[in-house]
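Predicted model, so just to flag it, every value in this text is computed and none were measured. A, B, ... follow the sequence lines: proteins, then strands. Residue 1 opens every chain.
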There are 2 protein chains.
Amino acid sequence: MSSTSSPVGSPISTRDRIVELADQLFYERGYEHTSFADIAAAVNLSRGNFYHHFKAKDDILDAVIELRRQRTQAMLDRWAAEAPTPVARISRFIHMMVMNGSKIRRHGCPVGTLCTELAKLEHPALPRANHLFILFRQWLARQFTELGRTHQADTLAMHLLARSQGIATLANAFDDEAFIHQEVESLLKWLHDTATATQASQGS
Amino acid sequence: MSSTSSPVGSPISTRDRIVELADQLFYERGYEHTSFADIAAAVNLSRGNFYHHFKAKDDILDAVIELRRQRTQAMLDRWAAEAPTPVARISRFIHMMVMNGSKIRRHGCPVGTLCTELAKLEHPALPRANHLFILFRQWLARQFTELGRTHQADTLAMHLLARSQGIATLANAFDDEAFIHQEVESLLKWLHDTATATQASQGS
DNA sequence: GTCTATACCCAGATAGAC
DNA sequence: GTCTATCTGGGTATAGAC
C-alpha cells in the first residue's frame, strides 16, 4: 500500500522531502510563483527526475495540502489532549499567532494566503485548501460548545477565525510585531468575557 | 504635462481603458495570473500595440495602484463630506463590506489580496500597494481622534482594519453572505460601545 | 496609434540513457 | 531512482510596416 508518509524507521523518502520543501516554498513565495525548478533546486534534484515522483504540479499541491491537513489535525489533537479546559484550548489557538509571529509577519497565514491565491486562480484544489479552514472552524466550535455556547458555537468560531485572519493580513502588510501582541491581548480578553458571560447566563 | 487621467470632456483614452480593465482583472484573477494577452483581449487591442502605452507589466501595476489610490482618496473625502459625525463616517466604512459583499465573496478585498500577493512575490511595488492600507488607517484614526480617542486612535483604526480584512478573507473562502452581515452587526455594536465608552470617560 | 510578425525566455512536461 | 536532452506552450518584449 502506497502510504503518504515514510515507513517507520526508514530514512526520509525523496517524495517526502519534495513535499516538505514544496510546502515551505508555496508558503513563502506562493503556489504559482514557485516553479518546478525552484523545488528541484531546493531538494537537490534534476528537473527530469521530478516527474518520477509527481506527474504534474497540481499533484504536488494536493500532496502539500494533505500534509498540512495531517499536521493541522495532529496539532489540534495535541491541543485538545494537553489543555484541560475549553478556554485553555482556545487560548492555545490564539497564542499560535504569537508563536508563529515572525513567519506570519513575513508570509501571512499559510491557510489564508493559500486559499486566497487558489480562489483567484479558480484552482480545482480550492475546496481541499478550504478544508483546512473547516478543520479549525469545527475544532473551535466544539470548544465553544463545551463552554456551554452550543447555539452560538459556530458563530463564535467564525468570529475568532476572522479576527486571526485579519491580524495575519495586517501584520504581514505592516510587518508589525507589536500589533500582533495588541490584538492577541484583545482576543484573550474577548475569550475571557465570552466565557464569563456563559457562566453568568448559566447561573455558573 | 502628462496627466494620469484624461482631460475634461475628451473621450476615454486607450491608456485609461487599459488601466481600468487591468484593475478589474488584477482584482479578479490576481496580478501574476493576469497576462498581457488577457488585458489586451479585454481592451480589444493587439498585444504589440500594448507596448506603445506601457513598456512593462510592472508599469501597468503602478498605474493600477495609482488609480486605486485616487479612487480610495475620493471615496474617503466623500464619506467625510457626507457623514456629519465620526460615528457616521466610520459606519460608512463598515457598511462598505455589505455594499461590496458579492465582490468580496468572489474575490476578497482588493487591497488585502493585492498586498498579500505582492508580498509573496517580493514585488518592488509592494510599498505603494501597502499605502492603500495606510490611507484607510489614517482616515479611520482621524475619525477616532475626533471621537475623543486621541491616544488609542491608531490602535482602534488598526483593530477595525484587521476585523474587516478577516471578514473579507473568510467571506471569500466560505462564500458566505450571512457571515458578512453577522460580523458587520458585531462591528456596529463595537463602534457604538467604543463611542459610548468615550462619552462616559469624558463625562459626556 | 495600431497592426503583424517575431525574438526570446522560462515554465511544465516527456523520452530515454544510465 | 536519477540523470541529460528535448519538446511544447505561453508569457514578456521588440521591430518595423501601415
Side-chain angles (χ1 to χ4, degrees), chain A residues 1-7 10-65 117-118 120-125, chain B residues 2-7 10-26 28-65 117-118 120-125:
Chain A
M1 171 162 179
S2 69
S3 168
T4 50
S5 59
S6 55
S10 75
I12 300 158
S13 71
T14 303
R15 191 200 140 94
D16 286 348
R17 281 171 52 229
I18 291 174
V19 178
E20 180 71 36
L21 272 297
D23 180 32
Q24 280 181 38
L25 289 172
F26 288 171
Y27 178 36
E28 294 169 6
R29 309 183 190 179
Y31 171 66
E32 201 177 19
H33 193 56
T34 303
S35 71
F36 265 36
D38 291 335
I39 306 173
V43 187
N44 241 321
L45 273 185
S46 74
R47 253 165 308 146
N49 189 11
F50 223 96
Y51 290 80
H52 181 72
H53 302 278
F54 291 96
K55 281 202 289 285
K57 196 181 175 184
D58 288 1
D59 295 343
I60 305 183
L61 178 59
D62 282 339
V64 166
I65 293 175
E117 180 179 3
L118 295 184
K120 299 247 187 222
L121 304 184
E122 301 191 78
H123 196 287
Chain B
S2 69
S3 167
T4 51
S5 58
S6 55
S10 76
I12 300 158
S13 72
T14 302
R15 191 199 141 94
D16 286 348
R17 281 172 51 229
I18 292 175
V19 178
E20 180 71 37
L21 272 298
D23 180 32
Q24 280 181 37
L25 289 173
F26 289 171
E28 295 169 6
R29 310 183 188 179
Y31 171 65
E32 202 178 20
H33 193 56
T34 303
S35 71
F36 266 36
D38 292 335
I39 306 173
V43 188
N44 241 321
L45 272 185
S46 73
R47 252 166 311 147
N49 189 11
F50 222 98
Y51 290 81
H52 182 72
H53 301 278
F54 291 96
K55 280 202 290 284
K57 197 181 175 185
D58 288 1
D59 295 342
I60 306 182
L61 178 59
D62 282 339
V64 166
I65 291 174
E117 181 179 3
L118 296 185
K120 298 246 188 224
L121 304 185
E122 300 192 78
H123 195 285

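Looking only at distances, a side-chain donor or acceptor of A:Arg17 sits under 3.5 Å from a matching main-chain atom of A:Val43. A donor-acceptor distance shorter than 3.5 angstrom exists from the side chain of A:Glu117 to the backbone of A:Tyr31, with no hydrogens or angles considered. Side-chain atoms of B:Asp38 come within 3.5 Å of backbone N or O of B:Ser35 as a donor-acceptor pair.
Phosphate proximity of D:dG1 to A:Thr14: absent, as no side-chain N or O sits under 4.0 Å from OP1 or OP2. The shortest distance between the side-chain N/O atoms of A:His33 and the OP1/OP2 oxygens of C:dA11 is not below 4.0 Å. When the side-chain nitrogen and oxygen atoms of B:His52 are compared with OP1 and OP2 of D:dT14, none of them lie within a distance under 4.0 Å. Between B:Asn49 and C:dC3 there is a side-chain N or O to OP1 or OP2 distance below 4.0 Å.
Taking atom CD1 of residue B:Ile39 and atom C1' of nucleotide D:dA13, one finds them 14 Å apart after rounding to whole Å. Counting to the nearest Å, the P atom of D:dT2 and the CZ atom of A:Arg15 are 14 Å from each other. Straight-line distance from the OH atom of B:Tyr51 to the P atom of D:dA13: 5 Å, rounded to whole Å. Taking atom NE2 on B:His53 and atom C1' on D:dT14, their separation rounds to 16 Å, with Å as the unit. Rounded to whole Å, atom P of D:dT6 lies 22 Å from atom CZ of A:Phe50. Put simply, CZ on A:Arg29 is 14 Å from C1' on C:dA11, counting in whole angstrom units. What separates NZ of B:Lys55 from P of D:dT14 is a distance of 9 Å, to the nearest Å. Atom CZ in B:Phe36 sits roughly 14 Å away from atom C1' in D:dG10 (whole-Å rounding).
B:Lys120 and A:Gly30 make their closest contact through CD-N, 3.6 Å (heavy atoms, listed as atom of the first residue, atom of the second, distance).
The side chain of A:Leu45 lies closest to D:dT2, out of D:dT2, D:dT14, C:dC3. For B:Ser46, whose side chain is taken as the heavy atoms from C-beta onward, the closest listed nucleotide among C:dA13, D:dT4, C:dC3 is C:dC3.
Residues A:Tyr51 and A:Phe36 bring their aromatic ring centres within 6.0 Å.
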